[in-house]
Every structure is written in structure tokens, then in C-alpha cells.
Protein chains: 2
Amino acid sequence: MASNITYEHSDDPNDYLPLRDVVFNSIRKAILMGELKPGERLMEIALAERMGVSRTPIREAMRKLELEGLVVMIPRKGAQVAHLTESDLNDVLEVRIALEKLAIEKACFRMTDAEYIELLSASEDFERLIPTGSLEELAQADEDFHEAIYRAAGNKRLLQVLHNLREQIYRYRIEYLKEERSRELLVKEHHEMTNAIKSRDVAKAQELSFAHLENQRKAILHSIRQK
Amino acid sequence: MASNITYEHSDDPNDYLPLRDVVFNSIRKAILMGELKPGERLMEIALAERMGVSRTPIREAMRKLELEGLVVMIPRKGAQVAHLTESDLNDVLEVRIALEKLAIEKACFRMTDAEYIELLSASEDFERLIPTGSLEELAQADEDFHEAIYRAAGNKRLLQVLHNLREQIYRYRIEYLKEERSRELLVKEHHEMTNAIKSRDVAKAQELSFAHLENQRKAILHSIRQK
DNA sequence: CAAGTGCAAAATGCTGACCGTTTTATTTAT
DNA sequence: ATAAATAAAACGGTCAGCATTTTGCACTTG
């Protein structure tokens with residue numbers, strides 16, 4: 001069993017990915033995409049069989065998912081997909097608002113022309129996807145926009161923390177994007193933020209970012225309460 | 001071998017700790033205490049033998065240390081204790097300053113009397129330890145003081161992120177505490193912050209916190225550069 | 001019929017042996 | 001001394017197995 005798994009020996013040895021990371025990415029994606037639902041049990045043996053690997057890489061991937069906050073471990077009982085309570089959502093977004101504020105401030109000071117071009121094109125990509133794009137594509141484009149700001153801030157740790165915070169609410173943000181008027185609003189907000197950052201108007205950009213995230217908070221809260 | 005390891009069946013089943021977490025805590029502490037130095041290789045077999053366990057819990061602990069940022073994994077080469085570059089330190093402290101600012105704001109709004117008592121007593125404990133306390137005790141007391149603020153902020157995610165950020169620089173903060181005048185300054189700053197928070201003076205408390213962390217940044221930078 | 005009891009099946013946590021591949025260390029040759 | 005060749009060790013993962021716990025389920029009982 002699982003003997004069909006062979007290691008990739010690519011020319012560039014740098015793109016070698018341990019199996020545990022393949023598993024990690026795979027389960028992570030499944031949780032973010034909603035295929036694995038909150039509360040669902042994640043059993044080592046079942047997962048191992050489904051992915052054609054042994055328990056070892058599954059267990060190691062689980063440790064990382066645990067620290068990422070996507071999975072909750074109960075000793076001797078196993079892992080389950082983490083729930084996001086209303087209070088959790090508020091906590092996450094509160095932190096994210098504070099850090100996005102920092103990111104914008106830093107970006108306004110340090111952003112290069114090349115980085116601005118990237119931000120602008122991310123904004124345009126998002127707009128272009130509105131009519132035809134799938135939910136996943138839209139979510140990805142929205143992420144790319146924010147990532148462009150984070151990267152321009154030039155702080156690796158900030159990038160990493162924001163990445164993790166966004167991951168927490170990814171599952172629920174999809175709900176937000178389902179509504180037509182949310183999307184239109186997002187386009188407008190992206191535009192305004194892009195302009196504010198270009199003109200290095202820190203206060204304006206921060207204010208817009210705050211409103212942007214507050215809108216998201218309300219929408220997600222609403223969709224959580226409905227369930 | 002290692003068959004002398006038996007599971008603890010305590011009356012309270014809640015204090016059961018998986019071996020992987022024992023290992024995790026143990027290695028984590030060794031890194032923070034400086035017993036394991038930056039760049040040092042962490043070899044599974046050696047660690048396993050030294051701790052009297054098999055490779056499995058070692059490997060799983062390593063995954064968590066990796067995500068915590070205390071250990072750097074290089075595929076197929078193994079794990080080593082993470083280095084903290086000057087740029088890393090700046091990044092970490094920049095984020096921490098932003099989040100401590102948030103914590104103080106929230107604490108000023110929500111702090112209960114009981115929480116204030118805790119903060120005050122943490123501040124007093126620190127002061128009391130100045131003459132007699134060891135470096136570890138002082139570091140712990142300083143942590144407790146900040147934790148008291150974080151907890152009063154009433155945001156679990158904020159607490160968690162700040163905890164991790166502090167861990168990153170713990171190793172180097174010890175250097176800071178070695179100097180006599182740093183300690184005196186810390187006592188003063190703790191006092192002033194406690195008072196500002198008590199009188200719910202957000203701006204004042206935030207300003208003090210900023211200065212507090214900036215002092216730390218300069219001192220740590222200095223000690224890093226000396227090496 | 002709901003609720004507890006008891007038991008069998010399954011899951012977790014870990015050990016130990018093993019194997020292919022890669023990396024590191026050591027020896028040997030230049 | 002430096003470089004190439006070779007041996008030793010480490011990583012990454014599989015597999016089988018074992019003690020302990022948890023869970024699912026049939027079965028009884030009030």
C-alpha cells in the first residue's frame with residue numbers, strides 16, 4: 001500500500017517538499033475550502049488511508065495545523081476542525097485591524113514604484129474578476145490585494161502574523177463574497193485605499209482600512225448568526 | 001530501552017500531557033535559556049536518547065517549534081536553533097509595539113478591579129525581586145507584569161500572538177536585564193504604566209509602553225551588535 | 001422508552017526495527 | 001594542503017505492534 005508514492009527528484013533540489021508539508025497543505029486547504037467542516041473529527045488512520053501515506057506525516061501535519069489554530073487537539077481524543085465563535089472572530093479581527101493599520105503606515109512610507117504597480121494591478125485583477133470569477137478566484141484576488149500592501153510594509157513577521165490571522169477567517173469570508181453588493185463595495189474600497197496609499201496619506205488609508213474590515217466583520221457576524 | 005517510561009495516571013485526567021508536549025516544553029525552555037544556542041543542530045536521535053524517548057515525540061515537537069519560530073527546518077538536513085538577525089528583532093518589536101498599544105487601549109477600557117490588583121502586585125513583585133532575584137526570576141516577573149495587561153485586554157488571540165512575539169526575543173532580553181540601571185528604569189516604567197492604566201489614561205499609557213519597548217529594542221540591539 | 005451498564009471495536013500515543021536517499025564526516029589520493 | 005572517493009550518520013517515511021483510552025452499541029434496567 002502507498003507504494004505508488006515516489007519522491008520527486010527535480011533538477012532544483014529546493015522545491016522538495018516533505019510529505020508532512022504536502023499533507024499539511026492539503027488538509028489546510030480542505031478546511032479553508034469548507035470541505036472539512038468545523039467540529040469534524042480528523043482521524044489519523046482514515047486520513048492516512050485516504051491520502052495514501054502512513055500515520056507519521058499525518059500526525060506531524062496535525063501538530064502544525066494545531067498551532068495554526070485550524071485544528072483543535074484534545075489529548076487522547078484526537079483532532080477536530082476548529083470552531084470559530086463570535087468572540088473568536090471579534091478577537092481575530094481586532095488584532096488584524098491593528099496590524100493592518102501598521103502595515104499601511106509602513107507601506108505609505110516605504111512603498112516603491114514597483115510595489116505600487118503590483119498593488120494597482122492586484123486591485124484591477126479583482127475588479128476584472130467580479131463578473132465572471134468563481135468565489136475562490138475572487139477570494140484569492142482579494143487576498144493578493146492585501147498581500148501587496150503587507151509586502152510593501154517590509155516586515156516579515158508582520159506578513160506572517162497577518163497571513164495567519166487571515167487564515168482563521170478565510171472560511172467565513174467566502175460567505176461575505178457571495179453577496180453581490182459586497183463585491184461592488186470591495187472594489188470601491190480597494191480603489192480608494194490604493195489611491196490613498198499612492199498619495200502617502202496615512203490617516204486616510206488607515207481610516208479606509210478600518211471601515212473595510214469593519215464591513216467584513218459585520219457581514220461575517222451576520223452569516224455566522226444565521227447558522 | 002526507555003521502557004522505564006510509564007504513563008502518569010493522575011486523579012485529575014486533565015493534567016495529562018502528551019510526551020510530545022513534554023519534549024516541546026523542554027526543548028523550548030532550553031532554547032530560551034540559551035542552553036541550546038542559535039545555529040546549533042538538533043538531531044532527532046541524539047535528542048531522543050538524551051531524553052529517553054523515541055524519535056516520534058521528538059519529531060512532532062519539532063514541528064511545533066518550527067511554527068513557533070524557535071527552530072528552523074531545512075528539508076533533509078534537519079533542524080537548528082533559529083538565529084535572530086537585527087532585522088528580525090526590529091520586525092518583531094515593531095509588531096509587538098503595535099499590539100501592546102492595542103492591549104493597553106483595551107485594558108484601559110475593560111480592566112476590572114481584580115485585574116488591577118493583579119497588575120499592581122505583579123509590578124510590586126518585580127520591584128521586590130530587583131535586589132535578590134536571579135535573572136530568570138526577574139525575566140519571569142517582567143513577563144508576568146505584561147501578561148497581566150494582556151489578560152486584562154480580554155482578547156485571547158491578542159494574548160496568544162503577543163506571547164509568541166515575546167518568546168522570539170526572550171533569549172536576548174536576558175542580556176538587557178543583566179544591567180543594573182536597566183532594572184531601575186524598568187521599575188519606574190512599570191509604576192508609571194500601572195498608574196496610567198488605573199486612571200484610564202490611554203494616551204499616556206500607550207506612550208509609556210512605546211518608550212518601554214523602544215528602550216528594550218536599543219538595549220538588545222546593542223547587545224546583539226557586540227557579539 | 002429513556003437511561004445507565006458493560007463490552008467489543010477502534011483510535012491515540014508511542015516504541016522499535018527497517019529502508020531508501022541525502023548529507024556529513026572521514027579517509028585517501030593528488 | 002586540497003580535492004576526490006568512500007564510509008558513516010541523519011533525515012523522511014513505512015510498518016507492525018502494544019498499552020491505554022475513548023467510543024459505539026447492544027443490552028439490560030427502572
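So you know, we letter chains A, B, ... as the sequences are listed, proteins then strands, and number each from 1.
- Considering only side-chain atoms of A/Tyr16, the nucleotide from D/dT14, C/dT15, D/dG12 that sits closest is D/dG12.
- Of all nucleotides listed (C/dT22, C/dT15, D/dT20), C/dT22 comes nearest to the side chain of B/Arg76.
- Atom CD of A/Glu60 and atom P of D/dG13 are 7 Å apart (whole Å).
- Of the candidate nucleotides C/dT12, D/dG13, D/dA10, D/dG13 has the atom nearest to the side chain of A/Ser54.
- Set against D/dG12, C/dT15, C/dT12, the side chain of A/Arg59 has C/dT12 as its closest nucleotide.
- Ranking D/dA10, C/dG13, D/dG12 by closeness to the B/Ile45 side chain, first place goes to D/dA10.
- Between B/Leu47 atom CG and D/dA9 atom P there is a gap of 17 Å when expressed in whole angstrom units.
- Rounding to whole angstrom units, CE of residue B/Met73 and C1' of C/dT22 are separated by 14 Å.
- Contacts of B/Ile58 with the nucleic acid, taken as non-hydrogen atoms under 4.0 Å apart, are absent.
- In this structure, A/Arg110 does not pair ionically with A/Glu115, as no charged nitrogen and carboxylate oxygen lie closer than 4.0 Å.
- Distance, B/Leu19 CG to D/dT20 P: 15 Å, rounded to whole Å.
- In this structure, B/Ile74 atom CD1 and D/dG12 atom P are separated by 10 Å, rounded to whole Å.
- Using a cut-off of 4.0 Å between Lys/Arg side-chain N and Asp/Glu carboxylate O, B/Glu214 and B/Arg217 are scored as salt-bridged.
- Nearest-nucleotide assignment on DNA chain D puts the 5′-proximal partner with A/Asp21, out of A/Arg41 and A/Asp21.
- To the nearest angstrom, P of C/dG13 lies 17 Å from CE of B/Met51.
- If you take CD of B/Glu44 and P of C/dA17, they are 16 Å apart, rounded to a whole angstrom.
- A donor-acceptor contact closer than 3.5 angstrom is absent between the side chains of A/Gln168 and A/Arg96.
- One finds no side-chain N or O of B/Lys77 lying less than 4.0 angstrom from the OP1 or OP2 phosphate oxygen of D/dA10.
- When the side-chain nitrogen and oxygen atoms of A/Arg55 are compared with OP1 and OP2 of D/dC15, none of them lie within a distance under 4.0 Å.
- Distance CG (A/Leu17) to C1' (C/dT21): 17 Å, rounded to an integer number of Å.
- Ion pairing of B/Arg151 with B/Glu147 is present here, as a side-chain N (NZ or NE/NH1/NH2) and a carboxylate O approach within less than 4.0 Å.
- The phosphate of C/dC14 (OP1 or OP2) has a side-chain N or O of B/Arg20 nearer than 4.0 angstrom.
- In this structure, A/Glu94 does not pair ionically with B/Arg157, as no charged nitrogen and carboxylate oxygen lie closer than 4.0 Å.
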